Amino acid sequence: MTKSANTMWGGRFAAGPDAIMEAINASIGFDQRLAAQDIAGSRAHAAMLAACGIISDTDSEAIGEGLLTVLSEIEAGDFAFSTALEDIHMNVEARLKEVIGEPAGRLHTGRSRNDQVAVDFRLWVRDQCDAADAALAELMRALLGQAEAGAEYVMPGFTHLQVAQPVTWGHHMLAYVEMFARDRSRLADARKRMNFSPLGAAALAGTSFPIDRHMTAKALGFDGPMPNSLDATSDRDFALEFLAASSICAMHMSRLAEELVIWSSAQFRFVKMSDRWSTGSSIMPQKRNPDAAELIRAKIGRIFGANVALMTVMKGLPLTYSKDMQEDKEQVFDAADNLMLALAAMAGMVADMTPQVESLRAAAATGFSTATDLADWLVRELGLPFRDAHHVTGTLVALAESKGCDLPDLSLDEMKSAHTGITQDVFTVLGVDNSVASRTSFGGTAPSEVRKRAADWKEVLG
Ligand code: ARG
């Protein structure tokens, strides 16, 4: 290479194209996270090769044992990963050769790195589905605890972030329990679909060796082998489904986080966040910042970013494997790590926060939040059409507003000025407690309903 061409590569790569090629080509820097899955896949493969008479039992046992040695070296942090060996598959195999010698060379019979990486990654993502499921259950338990403790605390329900109708704290907490339950079911659904083994699809076309793909699938906890070798080696939709489900979950957490940020502000004072999840300001001594909530609010950015990135990597790739697909892992690793971190922090934050019952209650009564209850009373008790009731209520809201008071503070005479049929009984629906207690429709905000739903969830979550 000429000197002038060499400078084109830039400072860090002054060593020339070999170093640059190694840097762009190697995945060992990140795919070493697949070591345990890689070794599990190889052990299943080796056992199957012997069972099918493709390699000897002696060789298979040596391979199986040797792989365990390699695994323990990796787990102990005693393994020298080599970039020259490119990826986890070749790093493990090269070390196996050093440990057991010649039989190591028989391990790769009837398979390729293409099905190997596909199986490793599936196993890894499958584990993440399980881990996220457990973390979601923990978060749901924390929300349920809040719901049980505050089933009847009255707070404002918002639309457009304007006070709309009083609701209960327990009802609000259980709304998130429902969302996170659906996130779990999305992950479970994705897990079910991904639980088929690509191992034995070999490079792309299958193999002429008499392998038993059902056997390896079973050994690795899959429901069976993937039925098309081209698909098995080239699809990454299982990772995309994980990212999509994770994105929706992160979006849900982002909404809750945003509420906690708003609620913990001096303007709202709906909730007191524990010191454990807040930070002080280096300059403003009075500040308690909800940093954990803010960071959780932001995590959707990188998690959905990973989803978009991998979708974009996969888009337009011809069948079957292309090296583009090596770009799948870092996105998924990062998304999974951050999802788990956010779930753990959110569960802790929710468990430790304290609703400020008095502020919640005071805020619930602002903004004529029981106006709908008044209108409903006019319909129910006086038989007014809802549109007329809406009009009468509007008149009374205007009156209360002009007097600077709330609806329950109006006198019966003032009420009658808007509609002569109104009786003293109307006051029974006007307080915030009456309002929420009356909303007993299925899924409604009444404390009695909230307690029923909380009991249902308690049953599910233990
Ligand atoms: N490191 C590669 C990956 O992550 C493994 C598969 C390599 N296969 C190949 N034919 N070069 O995708």
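Whatever order the structure lists ligands and atoms in, that order sets their numbers, starting from 1. All figures in this text were calculated on a predicted structure; none of them were measured in a lab. In this chain, residues are counted from 1 in sequence order.
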Between ligand 1 and the protein, find all N/O pairs closer than 3.5 Å and give the distance for each.
unit_1	atom_1	unit_2	atom_2	d
ligand 1	1 (N)	S27	OG	3.2
ligand 1	1 (N)	D87	OD2	3.1
ligand 1	1 (N)	Q326	OE1	2.7
ligand 1	4 (O)	K329	NZ	2.6
ligand 1	8 (N)	N114	OD1	2.9
ligand 1	10 (N)	N114	OD1	3.0
ligand 1	12 (O)	Y321	OH	2.5

Just do the salt bridge (Lys or Arg N to Asp or Glu O under 4.0 Å) check on R255 and E259 with the steps written out, would you?
CA-CA 6 Å; R255 297 185 73 175; E259 297 202 308; over 6 Å; no
State whether E73 and R95 are salt-bridged, where the test is any N-O pair (Lys NZ or Arg NE/NH1/NH2 against Asp/Glu carboxylate O) under 4.0 Å.
yes
Under the salt bridge (Lys or Arg N to Asp or Glu O under 4.0 Å) test, which residues partner K458, sequence neighbours left out?
E148
Give a yes or no on this: more than 12 heavy atoms of other residues, nucleotides or ligands lie within 6.0 Å of atom CZ of R33.
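Yes, because the 6.0 Å sphere around CZ of R33 holds more than 12 heavy atoms from other groups.
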Run the ring-ring contact (aromatic ring centres under 6.0 Å, His included) test against F304 and tell me which residues pass, sequence neighbours left out.
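Testing F304 for ring-ring contact (aromatic ring centres under 6.0 Å, His included), a comparison that skips the adjacent residues, returns none.
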Quick note, side-chain hydrogen bond (donor to acceptor under 3.5 Å, both in side chains) partners involving residues 205-215, not counting sequence neighbours, are none
